[in-house]
Amino acid sequence: MCLAIPAKVVELEDGDMAVVALEGVRKRISTALVEDVAIGDYLLVHVGYALHKVSPEEASRTLALMAEAGVLREELEEITGGEQ
Amino acid sequence: MKYVDEFRDRELAKTVAEAIRREARPERTYNIMEFCGGHTHAIFRYGVKDLMPENVRFVHGPGCPVCVLPVRRLDDAVEIAERHGVILCTYGDMMRVPGTKQRSLIRAKADGADIRMVYSTLDALKIARDNPDREVVFFAIGFETTTPPTAVAIRQAEKEGLRNFSVFCNHVLTPSAISHILQSPEVRELGTVRIDGFLGPSHVSSVIGSEPYEYFAEEFGKPVVIAGFEPLDVMQSALMLIRQINEGRHEVENEYTRVVTREGNLKAQSLVSEVFELRTSFEWRGLGTVPYSALKIREAHAAFDAERRFEVSEKKSREVKSCECPAILRGVKKPTDCKLFGTVCTPDTPMGSCMVSSEGACAAYWTYGRHRDPVRRPRAKEEAA
Ligand code: SF4
């Protein structure tokens, strides 16, 4: 019930409404809760309303951080391990 | 969708799992409470639990709005539908929750009440427009994510002059529930629930921001990491919590920066406070009466408040006697500790709310966990060892 899905805005309509594309399905949603929605934005959609914009920059930053979480530590360990 | 796939990447999951294994100190345990049912669901569905070392444990919290609604409020909704002959609109998750004497909305519907499942408050408004000579009541439940859509609906009804639309408001607040758990005697004195840190709600935080959690981190000395709902988010956030615990820090960190900011969605917040105000107290299933933990419709919008519009009788509500939902929602017991789990109580024949919603702990255990976590008293294993 709290799950929300990121969906891409493909059309803007009057009255704070927009059409989003979501896994091949198009859906009309309300954008009354989000400011300045533009075509191409990703929105977090919950019970027919956009709750927030999804930032693509932050998404790739998080992924990079996750990749680093292991790899970087491993390398560090190798370096310090080699010195002992 | 691009992000969804990447946040479920198996290779990346292994990398994060290895980091967790390396950093979790073998001499201690890490008890992480996930407040949100969405996290519970992800942990089971994607097998996140299996990727964790033994000493990193997830404690399921009360964060499923269907699960925490007290039977009394559900009985009231059934009564509004049956006695007052309204069209009662509700989110699908509510339909099968058993009320007193196992009576659910779906049973009331089978007996002739006009109850309709809606996906959105937009649908409820449409039903009101299409049926001008009927009273339409929206049975509103949910945390801070579903509250703004209800606020928008009330404002919209006002704007259109839809006099036949009203809301039975049951919206509840996450931060008050978390502090209530931390102040509960189980956590404070008995020590039965050890919580070392919290996975903070994702979508709730997209609305209220990460700032409200700063108070817990300080006041209760517990780290909070706001975590996304994808399996990798949950793992990365667990890693961030483990690091904080190891370093003795207790701060609010945000893993879900692609959606959550410190201040949240200000537009949604101002709409919510324009339409709703705090209730001095509200009953939660599992937590009892929690002060200032729910919202009601402000006097200025009284015309749209179903509670003022429809009277309900003061009848006695009762939960199924041996259902352990209350203890499960406080993190004190596991679904497998319940006598009814998997025998009388299954998703097809739910006895309690935790088995109904896919975000409830019992449903998650049943659907994804029952084969590897056999029904048995957990003590037996420890005593034998
Ligand atoms: S298994 Fe069923 S009866 Fe037992 S606690 Fe869960 S929902 Fe309640």
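Just so we're on the same page: letters track the sequence lines, and every chain starts at 1. These values consider heavy atoms only, across backbone and side chains, with no hydrogens, waters or symmetry-generated copies.
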Measure distances from [X] to the heavy atoms of chain A and classify the residue's part below 4.5 Å as side chain, backbone, both or neither.
X	result
B/Asp233	both
B/Glu255	both
B/Leu271	side chain
B/Leu122	both

For B/Ser120 and A/Val47, which heavy atoms make the closest approach, and how far apart are they?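 Shortest heavy-atom separation between B/Ser120 and A/Val47 comes out as OG-O, 3.0 Å.
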Looking only at heavy atoms, the pair that brings A/His52 and B/Ser206 closest together is CD2-O, 3.1 Å
If you tally heavy-atom pairs under 4.5 Å against chain B, which of A/Lys27, A/Arg61, A/Arg28 wins?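 It is A/Lys27.
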Between A/His46 and B/Thr146, is the side-chain contact (heavy atoms from CB on, under 4.5 Å) condition met? List the steps. CA-CA 8 Å; A/His46 177 58; B/Thr146 21; 3.2 Å; yes
Enclosure of B/Arg116 CZ (heavy-atom neighbours >12, cutoff 6.0 Å): yes
Within a 6.0 Å radius of atom CE on B/Met117, are there more than 12 heavy atoms belonging to other residues, nucleotides or ligands?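 It does not: B/Met117 CE has 12 such atoms or fewer within range.
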Is the backbone N or O of A/Leu51 less than 3.5 Å from a side-chain atom of B/Asn265, with the two atoms forming a donor-acceptor pair by type?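 Indeed, once roles are kept as given, a pair shorter than 3.5 Å links the two residues.
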Could you tell me the separation between the CG atom of A/Leu63 and the CG atom of B/Leu232, rounded to the nearest 0.5 Å? 7.5 Å
Please enumerate all residues that pass ring-ring contact (aromatic ring centres under 6.0 Å, His included) together with B/Phe165, with sequence neighbours excluded.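 Partners of B/Phe165 under the ring-ring contact (aromatic ring centres under 6.0 Å, His included) test: none.
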Report the residues that fulfil ring-ring contact (aromatic ring centres under 6.0 Å, His included) with A/Tyr49, sequence neighbours left out, ordered by chain and then residue number.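 Once residues adjacent in sequence are excluded, A/Tyr49 has no partner under the ring-ring contact (aromatic ring centres under 6.0 Å, His included) criterion.
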So which part of A/Leu44 gets closer than 4.5 Å to some heavy atom of chain B, the side chain, the backbone, both or neither? side chain
With the side chain counted from C-beta on, respond yes when B/Tyr256 and A/Thr62 share a heavy-atom pair under 4.5 Å apart, and no when they do not.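 Not in contact.
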Quick one, A/Leu33 and B/Lys267 - any side-chain contact, counting heavy atoms below 4.5 Å? no
Counting heavy-atom pairs under 4.5 Å with chain A, which one of B/Thr261, B/Val260, B/Thr121 comes out on top?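 The answer is B/Thr121.
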